[in-house]
Trainee: 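I am attaching a structure below and will ask some questions about it afterwards.
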Amino acid sequence: MKQTIASAAITCVLTASSLLSFSCNNANETAKDLTAKKDTVPTAAPATVNPAVGTLTPVDTAKYTQLQKYLANGDSSGRWPVKHEFPAAGAILPFNRILAYYGNLYSTRMGVLGEYAEPKMLEMLQGEVKKWQAADTTVKVIPALHYIAVTAQGSPGDGGKYRLRMPAKEIDKVLKMAEKINALVFIDIQVGLSTLEQEVPLLEKYLKMPNVHFGIDPEFSMKGGQAPGKVVGTFDAADINYVADYLAKLVKANNLPPKILVVHRFTRKMVTNSQSIKLRPEVQIVMDMDGWGHQARKINTYRQFIYPEPVQFTGFKLFYKNDLKEANSHVMSPEEVLKLKPKPIYIQYQ
């Protein structure tokens, strides 16, 4: 059976939390947006490891400590900054704030990456980088493309896993786009009824690249066997530890800079046992506030589900369209987001 995101598409999920957080990663898809395709295992040859990776810059521990305190933004609870060992050489965070555009190239509705033609999209991204840099001159802002390489589906498809793997040529297109503006690339997966153990190794050739990082979306991890979109999914600390361990082994084996692992979250149950997530010098974990809606709701979601369960770093997602759907709502400005405690170090636009 071929898979589509058509009439059986994942619809917007209204979270039954006290905050009524919203998520709409795959919302309102149409058949012409993401045409029927068979599940594909990427087959592209891996890029040659950059020789410069062999001379990674050791972490400036004094600056690292200073920036961590800066990002805590005056928090006096003792939660932030998180105490952990220093990262391995070549670490990106907290020395840089990442500004990412999110989406899928087959779709105009899953995010800004895919909604606009490449030149326009890259121009917009670079414009946002400049705005964020002006808003916070302490931390350098760098661009990224955050690509959904495995998308959750409303129909079972091949293997009955309710997920669709993108072909290698689509991932390669994103890598080529990123090269044009010296951007990082994040590969994101929505496992559906599959598992991280099944999906992550298939992307190893890309994860060995020094500029490629990773994202996982608990919303579409359906451990209860439901079709994606019926309920909000979940990952446990054990799942996150599996991915972090996998990435750490790649970093060690290939002399890479630390990998960044983004974990999306907008409810408590999306990530269980967060206190058991293990930190490693080779991986930098970002817990990303992924909900959309009125700015007050987004701030409350951050305060209830990101702030009180510190892992390592934090992120914040902004929606060009969905954040405007409610009365008196607007897309939050960099200055508004930077008032949060802690200050997010990863910013994503959909």
Trainee: In Å and rounded to the nearest 0.5 Å, what is the CE to CZ distance from Met332 to Phe319?
Mentor: 13.0 Å
Trainee: Can you sort out the partners of Ser77 under side-chain hydrogen bond (donor to acceptor under 3.5 Å, both in side chains), two or more places apart, ordered by chain and number?
Mentor: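 side-chain hydrogen bond (donor to acceptor under 3.5 Å, both in side chains) list for Ser77, sorted by chain: Asp75, Tyr307.
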Trainee: What pairs of residues pass the salt bridge (Lys or Arg N to Asp or Glu O under 4.0 Å) test when at least one of them lies in residues 76-87, not counting sequence neighbours?
Mentor: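 Qualifying pairs, neighbours excluded: none.
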Trainee: Looking at residues at least two apart in the chain, or sitting in another chain, which of them share a salt bridge (charged side-chain N to carboxylate O under 4.0 Å, His left out) with Arg303?
Mentor: none
Trainee: When you check the gap from the basic side-chain N to the acidic O, do Asp323 and Lys298 get nearer than 4.0 Å?
Mentor: yes
Trainee: Quick check against the 3.5 Å criterion: does Asn254 have a side-chain atom that pairs as donor or acceptor with the backbone of Leu256?
Mentor: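 No.
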Trainee: Per the salt bridge (Lys or Arg N to Asp or Glu O under 4.0 Å) rule, what does the pair list look like for residues 341-350, sequence neighbours excluded?
Mentor: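 Residue pairs with at least one partner in residues 341-350: there are none.
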Trainee: Could you name each residue pair satisfying salt bridge (Lys or Arg N to Asp or Glu O under 4.0 Å) that touches residues 131-147, not counting sequence neighbours?
Mentor: Arg97-Asp136
Trainee: Gln295 side chain to His330 main-chain N or O, any donor-acceptor pair under 3.5 Å?
Mentor: yes
Trainee: Nearest 0.5 Å please: distance from the CD atom of Gln348 over to the CG atom of Leu113.
Mentor: 10.0 Å
Trainee: Please, which pairs that meet salt bridge (Lys or Arg N to Asp or Glu O under 4.0 Å) have at least one residue in residues 175-200, sequence neighbours excluded?
Mentor: Glu118-Lys180, Arg163-Glu199, Arg165-Glu199
Trainee: About how many Å separate CD1 of Ile277 and CD1 of Ile240, when rounded to the nearest 0.5 Å?
Mentor: 3.5 Å
Trainee: Hydrogens and angles aside, do His146 and Tyr346 bring a side-chain donor and acceptor to less than 3.5 Å of each other?
Mentor: yes
Trainee: Which residues pass the side-chain hydrogen bond (donor to acceptor under 3.5 Å, both in side chains) test with Thr272, sequence neighbours left out?
Mentor: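 Expected list: Asp236.
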Trainee: Ion pair present between Asp290 and Arg265, side-chain N to carboxylate O less than 4.0 angstrom?
Mentor: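 Salt bridge absent between Asp290 and Arg265.
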Trainee: Count I, L, V, M, F, W, Y as connected when their side-chain heavy atoms are under 4.5 Å apart, and connections chain through other members. Are Ile189 and Tyr101 then in the same cluster?
Mentor: yes
Trainee: Which distance, rounded to the nearest 0.5 Å, do you find between the CG of Leu261 and the CD of Gln284?
Mentor: 11.0 Å
Trainee: Answer yes or no: is there an ion pair linking Lys339 with Glu335, defined by an N-O contact shorter than 4.0 Å?
Mentor: no
Trainee: Salt bridge (charged side-chain N to carboxylate O under 4.0 Å, His left out) with Lys130: which residues, sequence neighbours excluded?
Mentor: none
Trainee: Can you name the salt bridge (charged side-chain N to carboxylate O under 4.0 Å, His left out) partners of Lys249, sequence neighbours left out?
Mentor: Asp245
Trainee: By side chain to side chain contact (heavy atoms under 4.5 Å, CB included), which residues pair with Ala144, not counting sequence neighbours?
Mentor: Ile98, Ala100, Leu184, Phe186
Trainee: Applying side-chain hydrogen bond (donor to acceptor under 3.5 Å, both in side chains), can you list everything that pairs with Trp80, at least two apart in sequence or on another chain?
Mentor: none
Trainee: Any side-chain hydrogen bond (donor to acceptor under 3.5 Å, both in side chains) involving residues 59-69? Give me the pairs, sequence neighbours left out, ordered by first then second residue.
Mentor: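 Of all non-adjacent pairs touching residues 59-69, those that pass side-chain hydrogen bond (donor to acceptor under 3.5 Å, both in side chains) are Tyr64-His84.
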Trainee: Are Thr151 and Gln153 linked by a side-chain donor-acceptor pair shorter than 3.5 Å?
Mentor: yes
Trainee: Working note: Tyr302 + Phe316, criterion ring-ring contact (aromatic ring centres under 6.0 Å, His included); need CA distance, chi angles, decisive distance, verdict.
Mentor: CA-CA 8 Å; Tyr302 186 85; Phe316 199 87; 5.7 Å; yes
